[in-house]
Participant: 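What follows is a structure written as C-alpha cells; I'll ask about it next.
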Amino acid sequence: MKITILTIAPEEFSGFGNAHIIKRAIELGALKLCIEDMREYAAGSFRHVDDSPYGGGGGMILKCEPVLKCLESVKSRYSGPCRTVALTPRGEVFSQKKAWILAEEEHLILLCGHYEGMDERIFRYVDEEISIGDYILTGGELAAQVVANAAARLLPGVLRSGRAEAESFHRNLLEYPQYTKPADFRGDRVPKVLLSGNHEEIRKWREEQAKRLTRERRPELFEG
Ligand code: ADE
C-alpha cells in the first residue's frame, strides 16, 4: 500500500515514518509513505497557499490551485487506482471498520486541511471526507497520522498474525482485561482462571468480560 500525505506543514511529519509500527510496515515493504508539500505548488515568490474568504469573515482558507496542482501531480506520477480522502471536522467519523476498508486501498491520498478550512471547490476532486472526532484541531495533519497509523498496522505481516482480527472493535466489542506478572500485586490477584491453563475456560472468561465491559461502557456498540 502507498500512502501519500498532502500538507502545507511537512515538518509535522518529521519522525512519523520512524514511529514503531509505521517504520516496521515500511521496512517490510508493506507500506510506502510519501509526504508532499503543497506549498511547492503555490504560485509567486511568496508561495501563498491560503487567502481570505469571499463574503468576509475571519481567517484564511486554503486556495484551490496549490492543493489541486499538488493532487494532480501526485496522481499523474502513479499509474494505479488512488483514493483521495480529505481530513476535515465535517467528514464521516473515523472507525476501526473504516481503517480496515482503507487498508485495502492500493494508493491512499490523505489531504490535510489547514487554517479555517479550504475552498469548497476542492472537494469535487476528493472521494470522501473523514473526521477523527467531534473536536477541532488546527489542521488535518494529526488526523492524517491517526488514519495512516490505523490503516498501516492492519497491512499483512505488520502485526503478529491474527492479532488485529482479535483485538478490540473488530467484533464491536471492547478489549477484555489483561494481566501480566506478578500474579499477586499488593494483594490484588490475577483472576484464577487465567492461571488455570484451561484454554477453553480462558476463552469463555475473556468473551464474557469483553461483553460485560462493552455493555457497561459502550451500550451503543453492544447493540450494534
Ligand atoms: N481538522 C481539524 N479538526 C479535524 C478533525 N477532528 N478531524 C479531521 N480533520 C480535522
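We count ligands from 1, going down the list as the structure has it; atoms in each ligand are counted the same way. Residue numbers run from 1 in the order of the sequence given.
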Participant: With E104, which residues qualify under salt bridge (Lys or Arg N to Asp or Glu O under 4.0 Å), at least two apart?
Facilitator: none
Participant: Can you establish whether the number of heavy atoms outside R217 located under 6.0 Å from its atom CZ is more than 12?
Facilitator: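 No, the 6.0 Å shell around CZ holds no more than 12 heavy atoms from other groups.
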Participant: Would you kindly confirm whether V126 and Y41 end up in one hydrophobic cluster when ILVMFWY residues are joined by side chain heavy atoms under 4.5 Å apart?
Facilitator: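 No, no single cluster joins them.
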Participant: Excluding sequence neighbours, so at least two apart, what forms salt bridge (Lys or Arg N to Asp or Glu O under 4.0 Å) with E40?
Facilitator: none
Participant: Would R90 count as a cation-pi partner of F123, with NZ or CZ less than 6.0 Å from the six-membered ring centre and within 45° of the ring normal?
Facilitator: yes
Participant: Kindly write out the residues that satisfy side-chain contact (heavy atoms from CB on, under 4.5 Å) with S52, not counting sequence neighbours, or none if the list is empty.
Facilitator: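 Partners of S52 under the side-chain contact (heavy atoms from CB on, under 4.5 Å) test: M60.
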Participant: Could you tell me, for ligand 1, which of its N or O atoms are under 3.5 Å from any protein N or O, listing the pairs and their distances rounded to 0.1 Å?
Facilitator:
| residue | atom | partner | partner atom | Å |
| --- | --- | --- | --- | --- |
| ligand 1 | 3 (N) | L137 | N | 3.0 |
| ligand 1 | 6 (N) | G133 | O | 3.1 |
| ligand 1 | 6 (N) | Y135 | O | 2.8 |
| ligand 1 | 7 (N) | I132 | N | 3.0 |
| ligand 1 | 9 (N) | T88 | N | 3.4 |

